J.: 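Let me give you the structure first, and then I'll get to my questions.
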Amino acid sequence: MNHGTYRPPIPGSQPPYAYDPYGSTRKRAPKQPLVRLPTTWTEASGPSFSPAVVPPIANLAKTAEGREAIGERIVVAGKVTDEDGRPVPGTMIELWQANATGRYDHGGDQHDAPLDPNFRGIGRVFTDDEGRYRFTSIKPGAYPWRNHPNAWRPNHIHFSLFGAGYASRLITQMYFPGDPLLAIDPVYNSIPDPDARARLVSTFDIELTMPEYALGYRFDLVLRGLSATPFENG
């Protein structure tokens with residue numbers, strides 16, 4: 001990336017640290033002014049990520065033994081670019097999501113929806129030389145959460161992007177077009193700019209759809225600049 005052309009995001013296009021309707025932010029938002037820390041050898045020297053070190057898991061819809069998860073199969077693909085549209089190769093993207101019934105394979109999830117023994121809901125892919133990534137999964141279900149009475153999260157997939165080092169992590173969520181829960185979701189609506197919010201909604205792509213197998217969704221990510229994807233730690 002050309003650091004000399006850095007352009008900050010448009011005000012309101014990134015979520016604030018504290019957003020009162022999103023209850024968790026009341027506890028985790030900084031209470032004091034942020035302090036800029038100088039770059040150290042830790043950021044420059046380690047750890048680094050590559051497929052040789054952490055192998056990709058690009059098919060979340062099938063176990064290593066070939067057993068299929070229950071749910072609507074989907075293919076998700078896109079590009080990771082910088083603010084000038086240049087591809088960012090070698091980006092490690094970690095993924096996690098609920099199963100088709102809206103439950104995470106995690107001990108902390110107390111939702112009484114059934115678990116799927118063939119779906120762990122975690123994956124990992126890397127961008128190629130053109131910044132492209134792709135994975136197969138099942139469409140996650142909506143689930144209740146206790147943010148407010150009768151609160152339900154929209155269908156979504158979590159994305160965590162790493163550059164060459166651990167300190168460069170960025171986290172966001174991908175949503176699905178036409179989800180009626182988006183209009184009342186405090187996480188989604190914590191981003192003031194409606195155009196920026198819309199960048200978190202994937203696009204149905206018939207060209208990406210696999211005949212008789214899976215529906216295709218496209219989700220591109222821009223790391224920074226005027227068209228930056230909203231990131232939870234942005």
Side-chain angles (χ1 to χ4, degrees), residues 1-51 53-54 78-96 108 122 124-133 145 147 153 156-175 185-201 219-234:
M1 278 187 248
N2 183 352
H3 296 275
T5 62
Y6 174 71
R7 294 180 292 277
I10 295 173
S13 64
Q14 296 290 319
Y17 291 112
Y19 179 67
D20 196 55
Y22 180 7
S24 298
T25 65
R26 299 172 202 152
K27 298 179 180 178
R28 71 186 186 205
K31 300 294 189 300
Q32 302 293 329
L34 300 184
V35 177
R36 183 180 296 277
L37 298 177
T39 301
T40 66
W41 279 108
T42 300
E43 287 76 35
S45 61
S48 60
F49 306 105
S50 72
V53 177
V54 279
K79 291 187 69 174
V80 177
T81 60
D82 69 8
E83 69 244 65
D84 291 318
R86 293 170 294 202
V88 182
T91 301
M92 184 176 77
I93 305 175
E94 290 185 327
L95 310 155
W96 67 98
I122 57 175
R124 182 189 310 116
V125 292
F126 290 82
T127 58
D128 64 13
D129 290 343
E130 298 298 321
R132 297 172 299 196
Y133 75 88
W145 61 318
N147 185 76
R153 289 300 329 277
H156 63 279
I157 300 175
H158 297 268
F159 281 59
S160 172
L161 284 68
F162 287 91
Y166 184 82
S168 59
R169 187 186 191 193
L170 294 171
I171 301 173
T172 192
Q173 299 182 22
M174 182 199 101
Y175 298 97
D185 181 56
V187 179
Y188 179 70
N189 289 296
S190 67
I191 304 156
D193 184 340
D195 291 337
R197 284 202 299 271
R199 291 198 284 273
L200 293 181
V201 181
F219 186 57
D220 296 327
L221 299 117
V222 180
L223 297 186
R224 66 183 191 185
L226 302 179
S227 299
T229 300
F231 291 102
E232 295 176 17
N233 45 353

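We use all heavy atoms of the structure for the numbers below, so side chains are in, but hydrogens, waters and symmetry mates are not. Please read all numbers here as calculations on a predicted model, not as lab measurements.
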J.: Determine, stepwise, if the pair Tyr188 / Val201 fulfils side chain to side chain contact (heavy atoms under 4.5 Å, CB included).
T.: CA-CA 10 Å; Tyr188 179 70; Val201 181; 3.7 Å; yes

J.: Within the distance-only criterion (no hydrogens, no angle test), does the side chain of Gln14 pair as donor or acceptor with the backbone N or O of Phe231 below 3.5 angstrom?
T.: yes

J.: Is a side-chain donor or acceptor of Asp193 paired with a backbone partner of Asp195 at a separation under 3.5 angstrom?
T.: yes

J.: Side chains of Val54 and Phe126: closer than 4.5 Å at any heavy-atom pair?
T.: yes

J.: Evaluate the side-chain proximity of Thr229 to Leu223: yes if any heavy-atom separation is below 4.5 Å, no if none is.
T.: no

J.: Are the side chains of Ser160 and Arg169 in contact, using a 4.5 Å heavy-atom criterion?
T.: yes

J.: Can you tell me how far CG of Asp220 sits from CE of Met174, rounded to the nearest 0.5 angstrom?
T.: 11.5 Å

J.: Rounded to the nearest 0.5 Å, how far does CZ of Phe49 lie from CZ of Arg124?
T.: 9.5 Å

J.: Measuring from Leu221:CG to Arg199:CZ, what's the distance to the nearest 0.5 Å?
T.: 11.0 Å

J.: Between OG of Ser227 and CD of Glu83, what distance do you get to the nearest 0.5 Å?
T.: 10.0 Å

J.: Would you say Asn147's side chain and Tyr22's backbone share a donor-acceptor pair under 3.5 angstrom?
T.: no

J.: Is there a side-chain contact between Phe162 and Thr91 (heavy atoms, below 4.5 Å)?
T.: no

J.: List the atom of Gly12, the atom of Pro192, and the distance in Å for their closest heavy-atom pair.
T.: O-CD, 3.1 Å

J.: Just wondering, do Pro186 and Asn189 contact through their side chains at under 4.5 Å, heavy atoms?
T.: no

J.: When you compare the side chain of Val187 with that of Gln173, does any pair of heavy atoms fall below 4.5 Å?
T.: yes

J.: Is the shortest side-chain heavy-atom distance between Thr172 and Leu200 below 4.5 Å?
T.: yes

J.: What distance separates Asp82 CG from Arg224 CZ, expressed to the nearest 0.5 Å?
T.: 7.0 Å

J.: Give the intermediate values and the outcome of ring pair (Phe, Tyr, Trp, His ring centres under 6.0 Å) for residues Phe159 and Phe219.
T.: CA-CA 11 Å; Phe159 281 59; Phe219 186 57; 5.2 Å; yes

J.: Would you say the side-chain atoms of Thr81 pair up with the backbone N or O of Pro87, donor to acceptor, closer than 3.5 Å?
T.: no

J.: Do you know which two heavy atoms are closest between Pro15 and Ser190, and how far apart they sit?
T.: CB-OG, 3.7 Å

J.: Could you go through the side chain to side chain contact (heavy atoms under 4.5 Å, CB included) check for Tyr133 and Asp128 one step at a time?
T.: CA-CA 7 Å; Tyr133 75 88; Asp128 64 13; over 6 Å; no

J.: Within a strict 4.5 Å, meaning less than it, do heavy atoms of the Met92 and Leu161 side chains meet?
T.: no

J.: Drop me the distance from Asp185's CG to Tyr175's OH, to the nearest 0.5 angstrom.
T.: 5.0 Å

J.: For Arg132 and Thr127, does a side-chain donor sit closer than 3.5 Å to a side-chain acceptor?
T.: no

J.: For Asp20, is there an ion pair with Arg26 - N to carboxylate O distance below 4.0 angstrom?
T.: yes

